[in-house]
Protein chains: 2
Amino acid sequence: MREQKIRTMEDFAAASGISRPTVSKYFNDPDSVRRSTRQKIEEALERFEYRPNIFAMNQNRRATKNIGIIVPYLADPFFAEIVRVIERRCIDAGFSPSLFSSHGEREREIDILDNLRSLKPAGVLLAPLGRQSDKPAIEAFCRDVPTVLFDSSIEGMGEAFVGSDNYSFVSQTVEYLSRTGDRPCFFEMMHPANPNANKRRDAYLSMMQRLQLEPHVLRVAGEGWGFEEIGRQGGLKLLAEDGLPTNTVLCSNDRLAIGFLAACYEKGVRVGRAEGCDLRVASHDGHPFSQFTCPSLTTSAHDYATVSEHVVKTLFRLIESGGRFEKREETLFPARLIMRDSA
Amino acid sequence: MREQKIRTMEDFAAASGISRPTVSKYFNDPDSVRRSTRQKIEEALERFEYRPNIFAMNQNRRATKNIGIIVPYLADPFFAEIVRVIERRCIDAGFSPSLFSSHGEREREIDILDNLRSLKPAGVLLAPLGRQSDKPAIEAFCRDVPTVLFDSSIEGMGEAFVGSDNYSFVSQTVEYLSRTGDRPCFFEMMHPANPNANKRRDAYLSMMQRLQLEPHVLRVAGEGWGFEEIGRQGGLKLLAEDGLPTNTVLCSNDRLAIGFLAACYEKGVRVGRAEGCDLRVASHDGHPFSQFTCPSLTTSAHDYATVSEHVVKTLFRLIESGGRFEKREETLFPARLIMRDSA
DNA sequence: ATCAAAACTTCACGCGCGTAAAAATTTGTT
DNA sequence: AACAAATTTTTACGCGCGTGAAGTTTTGAT
């Protein structure tokens with residue numbers, strides 16, 4: 001380390017006894033140079049710990065090695081968990097993931113897309129806000145940058161969508177609940193932020209019809225991303241009004257259910273499938289906290305690992321295909337019913 | 001928009017009738033040019049929507065406008081919430097925040113620091129892993145990059161530390177609990193990841209001594225960042241063994257408490273301060289979910305808004321001071337006791 | 001040993017912008 | 001109107017690296 005003058009690739013090339021263009025090639029793809037050359041470079045790399053200047057690298061490169069990851073609401077552990085897995089896979093594949101959260105705000109999502117554009121990312125994984133999203137802005141973005149949507153789809157946007165099959169989620173819970181007890185009512189918020197909510201309601205209705213049961217949708221006031229509080233307030237109101245037509249409630253998602261369970265607890269309503277309980281509650285998502293609710297929550301869970309793996313694999317494939325697919329792909333994964341104590 | 005040829009600052013300067021160096025100055029600091037010039041540029045900016053090339057910009061700039069934000073575990077809503085506020089403030093101040101999560105892994109933290117270095121950030125906000133952190137690596141990083149630590153401090157590292165005053169947290173809960181009922185036992189994990197845990201235990205011990213009460217620390221097995229499960233398992237074990245010397249449990253943090261409450265529920269132990277309850281449980285942090293536990297959790301809460309505001313203000317001050325303070329600053333904010341149903 | 005393919009070296013240019021220096025212009029003050 | 005200060009323009013260089021073209025060396029198969 002006596003020679004600290006290794007600042008540029010020029011210096012480093014000289015120190016390693018390889019020409020700069022070849023060193024440059026190496027950093028672009030270590031496998032693109034001869035084995036012996038690679039060894040020499042990597043030996044030098046250990047001796048001098050030089051790192052190429054990111055800004056200079058990306059200035060002229062056609063595509064960078066950046067991958068943008070955008071989620072609607074990072075404070076939701078569901079997204080935090082998915083991001084964790086996705087980040088890891090990107091890094092392992094030699095990319096640099098940049099993480100952004102729209103924080104539930106339309107303007108923020110637009111800004112993020114705008115900034116991301118100038119980062120010239122190789123590809124982007126976007127979980128859009130949904131109803132709040134600026135559709136034209138997203139469409140324009142997807143035209144310019146290879147993008148895979150996940151979590152919630154927007155008709156025709158992005159080169160691919162990877163998500164969970166809402167019908168699979170709901171059919172499993174509805175089937176289980178109606179088989180083992182009273183028919184379920186569907187609990188949701190009035191203006192869901194996310195299109196999955198609508199699909200789940202539709203799935204509930206169609207499933208009830210198929211089972212020849214009378215459906216019942218409970219819609220509670222509320223907007224935004226504070227689902228737990230909405231579920232709690234809605235729950236308190238329903239319980240006070242005695243507004244539950246059956247003793248089984250199926251919540252649209254786990255965060256609503258967490259709030260609903262809190263309301264039940266406050267009101268002394270015993271939730272569970274055990275003897276002496278007043279109410280059964282089930283839900284969808286497999287939220288990381290769903291096993292710590294009181295009682296633990298019966299839910300249809302996303303297959304986090306499979307979904308996130310497929311998301312990144314699709315993006316890598318898209319990048320290798322030059323950023324375009326022949327035809328928009330859409331992949332949905334089924335849910336896995338997790339039976340716990342609440343229903 | 002007929003002239004789409006605006007690709008470079010050169011083009012844009014020509015189109016706006018201003019010389020390129022002046023335009024460059026404008027993008028560095030809009031206030032550094034004459035009022036009339038600024039107007040002309042901003043008018044042109046609307047007509048052509050040109051945006052300077054980030055990579056070319058940062059290549060020669062002494063300091064970029066990037067700010068790195070590193071948290072130990074983003075799937076913890078506590079950090080997600082803090083990050084949300086910090087991000088917003090950075091953006092409002094004209095910086096570009098980049099968010100990273102160490103995901104509880106030592107190696108990941110090291111890698112992030114390494115990558116961040118080459119992003120030449122104007123400053124970095126670092127919430128270190130704590131016990132797991134590679135101290136020398138962090139120290140070296142802080143020497144090179146203006147860094148403010150938050151959440152958990154590491155002796156002497158960074159130019160400043162901003163966090164919460166653990167003594168304030170614990171003294172309030174201990175005082176409240178012992179005044180209104182049985183003396184509290186302190187519930188913690190064996191090998192806490194975070195140094196705050198140790199400070200809280202010490203605060204508990206010293207507070208109990210001052211109140212002339214016999215302290216009792218319950219340490220449960222467990223390591224890593226799955227606090228809820230650790231709390232739950234530990235709780236189940238304690239309840240099975242009848243290992244609680246008093247009917248009041250003070251958890252080191254809310255996530256442990258969430259798990260502990262789940263254990264109590266499973267075992268049929270009624271938690272709360274109301275008539276007929278078996279156990280009181282309180283905790284520290286003011287976790288976003290603490291109001292939705294069953295029962296809702298009495299806790300000493302961080303002052304999120306104040307802490308995060310002070311964190312970013314300190315960093316901005318540091319950046320303006322050229323990256324160094326005369327003397328390392330350390331600011332601690334007191335907690336606010338939130339009384340709910342659990343104790 | 002022979003030869004074509006593969007990999008490397010040398011040379012050179014340019015990416016888009018920061019920034020310094022000197023000259024020209026505008027501004028604000030007396 | 002005169003002049004210094006503030007600002008802008010002109011000119012020019014360089015940042016660190018990607019990348020192409022042309023020539024040279026190495027490789028591996030015959």
Side-chain angles (χ1 to χ4, degrees), chain A residues 4-45 48-66 94 96 115 117-122, chain B residues 4-45 48-66 94 96 115 117-122:
Chain A
Q4 297 265 359
K5 54 182 175 180
I6 307 289
R7 303 247 45 150
T8 76
M9 193 180 278
E10 199 78 53
D11 294 343
F12 177 75
S16 62
I18 305 286
S19 73
R20 189 178 68 74
T22 303
V23 172
S24 169
K25 248 189 116 192
Y26 166 85
F27 279 111
N28 251 318
D29 176 9
D31 286 321
S32 67
V33 301
R34 201 186 292 149
R35 188 91 152 267
S36 58
T37 322
R38 177 169 175 171
Q39 278 190 351
K40 277 197 229 169
I41 294 179
E42 283 171 354
E43 277 169 24
L45 216 42
F48 299 104
E49 68 164 307
Y50 153 81
R51 312 207 41 176
N53 179 310
I54 295 189
F55 302 108
M57 274 182 63
N58 288 333
Q59 176 160 13
N60 304 320
R61 234 214 268 286
R62 313 173 190 290
T64 68
K65 283 285 194 176
N66 299 327
S96 299
N115 288 327
R117 212 190 284 263
S118 52
L119 280 179
K120 294 196 246 172
Chain B
Q4 297 264 359
K5 55 181 176 182
I6 307 291
R7 303 247 42 147
T8 76
M9 194 180 278
E10 200 79 53
D11 294 342
F12 178 75
S16 61
I18 305 287
S19 72
R20 189 177 67 75
T22 304
V23 172
S24 169
K25 246 188 118 194
Y26 167 85
F27 280 111
N28 250 319
D29 176 9
D31 285 322
S32 68
V33 302
R34 201 185 292 149
R35 188 93 150 269
S36 57
T37 329
R38 177 170 176 171
Q39 278 190 351
K40 278 198 228 169
I41 293 179
E42 284 171 353
E43 276 169 24
L45 216 42
F48 300 102
E49 68 165 307
Y50 154 81
R51 312 208 40 178
N53 179 311
I54 295 188
F55 302 108
M57 273 181 63
N58 288 332
Q59 176 160 15
N60 303 319
R61 237 213 264 287
R62 313 172 191 292
T64 68
K65 283 284 194 174
N66 299 327
S96 300
N115 289 326
R117 212 190 283 264
S118 51
L119 281 179
K120 293 195 246 171

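Every value quoted in this text rests on a predicted model; they were computed, and no experiment measured them. Chain letters run A, B, ... following the sequence lines, proteins first, then strands; residues in each count from 1.
Residue A:Phe27 contributes atom CZ, which lies 15 Å from atom P of D:dT19 at whole-angstrom precision. B:Asp31 places its CG atom 17 Å from the P atom of D:dA6, with the value rounded to the nearest Å. Rounded to whole Å, the distance from OH on A:Tyr26 to P on D:dC17 is 15 Å. Protein atom NZ of A:Lys40 is 12 Å distant from nucleotide atom C1' of C:dA7, rounded to whole Å. At whole-Å resolution of the value, CD1 in B:Ile54 and C1' in C:dG18 are 16 Å apart. The nearest whole Å value for the distance from the NZ atom in A:Lys65 to the P atom in D:dG18 is 13 Å.
Considering only residues two or more places apart in sequence or on other chains, A:Thr8 meets the side chain to side chain contact (heavy atoms under 4.5 Å, CB included) condition with A:Glu10, A:Asp11. Every residue two or more places apart in sequence or in another chain that forms a side chain to side chain donor-acceptor pair (under 3.5 Å) with B:Asn28 is listed here: B:Arg61.
Proximity of a side-chain donor or acceptor of A:Ser16 to a complementary backbone N or O of A:Ile41 within less than 3.5 Å is not detected. No donor-acceptor pair closer than 3.5 Å links the side chain of B:Lys65 to the backbone N or O of B:Gly94.
The neighbour count for B:Lys120 NZ, taken as heavy atoms of other residues, nucleotides or ligands under 6.0 Å away, is above 12.
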Next item on the list: Going 5' to 3' through nucleotides 8-16 of chain D, assign each nucleotide B (protein heavy atom under 4.0 Å from a base atom), S (under 4.0 Å only from sugar-phosphate atoms) or - (no protein heavy atom that close).
Entry: SBBBB-BBB
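Between B:Phe27 and B:Tyr50, the ring planes are perpendicular. Angles over 60° get that label, and only those under 30° would be called parallel.
Looking at heavy-atom distances under 4.0 Å, A:Asn28 makes contact with sugar-phosphate atoms alone, never a base.
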